[in-house]
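What follows is one structure encoded as structure tokens, with my remarks underneath.
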Protein chains: 2
Amino acid sequence: MEQPEEPRWLNSDEREAWLTLVGVMMKLPSALDAQLRRDAGLSHFEYMVLAGLSEAPDRTRRMSDLAGFTESGLPRLSQVVSRLEKRGWVRRSPDPTDGRITLAALTDDGWAKIVGTAPGHVQAVRTLVFDPLTKAQSRQLGSIGKRILSVLDPDDYCLRSADVEPGA
Amino acid sequence: MEQPEEPRWLNSDEREAWLTLVGVMMKLPSALDAQLRRDAGLSHFEYMVLAGLSEAPDRTRRMSDLAGFTESGLPRLSQVVSRLEKRGWVRRSPDPTDGRITLAALTDDGWAKIVGTAPGHVQAVRTLVFDPLTKAQSRQLGSIGKRILSVLDPDDYCLRSADVEPGA
DNA sequence: ACTATTTACTTCAACATTCAAGTACTTTCG
DNA sequence: CGAAAGTACTTGAATGTTGAAGTAAATAGT
């Protein structure tokens, strides 16, 4: 079941694009983490948790739902939410209608935290990602990302709108 | 020194592109790690170390040079190279001309390992990244990545050829 | 109604990564 | 020539993440 022909190596354009992409994947997360840690004392993962709650109705969400949103398993989420609870930004309570489910809710302090943190983070995303690109490139990035994500994980959260353009 | 106006929020195209990019950055590394671990018993980082040595003259490189290539600090590299040395794929020796420097060299077994592993990994990169894209998109991805990387780290390894196109 | 399986989450142990100190060597300067 | 400073790397402690077992509650079967 091996491919009988020699493998299709990357051509030089592809190879260059690949190495560049690896570089971006290595450095962009650290850069964003550093900004959040410096300006808000939050890891990127903690920020995602607070952001996920802030967008939800009643600022409340199930743990497993949050785990899906943040692309992480329940154990990791559980520990991080414990920390956020100790800091007073999140409160956990069992779902009255189903005792297995734990609901995580953003407190008022947590809401204030995310409201105070978001603008600086958005600015960082802008500076590092969109400002260096033309408008056309920003659109291309969206299309390219969706194409790749649809292979990586067709059920991903971001692809719910069924708009993976077939052309370019 | 705060921006007096309200922050420039991401517009809906940008927001969508951003969430997609986050998804790709979360999942692509794990997918590649999984392929290498399954097919070759290597982490992506270990693969990068072997690949970095395989491309070097005499298949030999300084530890600090390798650390730059793999975008990681010396402590991490030191431990990983220790493991690779125990498995017989790398050998370390002090530089005869400067006793502070440690040279890491790929053994024949290590060369055989990377030669046997590379085709499957390249195939995975192809399947996950380039096959879903048109040729035009592959080129766009290269340009976009270089633009972003040039802000993230202007001294990056990949940008040595001074070819960040100013147009699109 | 009572057990058995499934679901949702937490906790515990193994592992990897990061940061700070330590070691060995080289270069510089009095 | 000898002490001080700097460089390259390794080691060890603290932290965070992943995987496996454990708990608690709900559903399904008998």
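No experiment lies behind these values; they were computed from the predicted model shown. Quick note on labels: first sequence line is chain A, next is B, and so on, each numbered from 1.
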Anything under 3.5 Å between a donor and an acceptor, one on a side chain of residues 102-110 of chain A, the other on a protein residue two or more places apart or in another chain? List them.
unit_1	atom_1	unit_2	atom_2	d
A:T107	OG1	A:G88	O	2.7
A:T107	OG1	A:W89	O	3.2
A:T107	OG1	A:D109	N	3.4
A:T107	OG1	A:G110	N	3.0

Query raised in the report: For A:R76 and A:E46, what are the C-alpha separation, side-chain angles and deciding distance, and is it a salt bridge (charged side-chain N to carboxylate O under 4.0 Å, His left out)?
Result: CA-CA 11 Å; A:R76 184 182 179 190; A:E46 291 169 327; over 6 Å; no
Report task. Check the distance between D:dT15's C1' and B:R76's CZ and give it to me in whole angstrom. Result -> 15 Å
Query raised in the report: So how far off straight is the helix from C:dA1-D:dT30 to C:dG30-D:dC1, going by the axes through five pairs at either end, to 10°?
Result: 0°
Query raised in the report: To the nearest 0.5 Å, how far apart are CZ in A:R126 and CH2 in B:W18?
Result: 12.0 Å
Query raised in the report: A:D33 CG to D:dT15 C1': how many Å, rounded?
Result: 14 Å
Requested in this report: Please answer whether the main-chain N or O of B:T60 pairs with a side-chain N or O of B:D58 as donor and acceptor at a distance below 3.5 Å.
Outcome: no
Query raised in the report: Hey, is B:R91 close enough to B:E85 for a salt bridge, meaning N to O under 4.0 Å?
Result: no
Report summary line: Here the residues of residues 86-106 of chain A within 4.0 Å heavy-atom distance, strictly under, of DNA chain D are A:D98, A:G99, A:R100
Requested in this report: Rounded to the nearest angstrom, tell me the gap between atom CZ in A:R37 and atom C1' in D:dT15.
Outcome: 10 Å
Query raised in the report: Hey, is the main chain of A:A51 close enough, under 3.5 Å, to the side chain of A:S54 for a donor-acceptor pair?
Result: yes
Requested in this report: At the 4.0 Å heavy-atom cut-off to chain A, mark where contacts on DNA chain C begin and end, going 5' to 3'.
Outcome: C:dT7 to C:dT11
Requested in this report: May I ask you to check whether A:T134 and B:R147 show a side-chain donor-acceptor distance below 3.5 Å?
Outcome: no
Query raised in the report: What residues form a ring pair (Phe, Tyr, Trp, His ring centres under 6.0 Å) with A:H44, not counting sequence neighbours?
Result: A:H121
Query raised in the report: Rounded to whole angstrom units, what separation is found between the CG atom of A:L74 and the P atom of D:dT23?
Result: 18 Å
Query raised in the report: Considering residues at least two apart in sequence or located in another chain, which fulfil the side chain to side chain contact (heavy atoms under 4.5 Å, CB included) criterion with A:T70?
Result: A:F45, A:M48, A:V49, A:S72
Query raised in the report: Ion pair present between B:R61 and B:E55, side-chain N to carboxylate O less than 4.0 angstrom?
Result: no
Query - Which residue lies more 5' along DNA chain D, comparing A:P75 with B:Q79 via nearest heavy atoms - result: B:Q79
Query raised in the report: Have B:E16 and B:S12 got a donor and an acceptor in their side chains that come within less than 3.5 Å?
Result: no
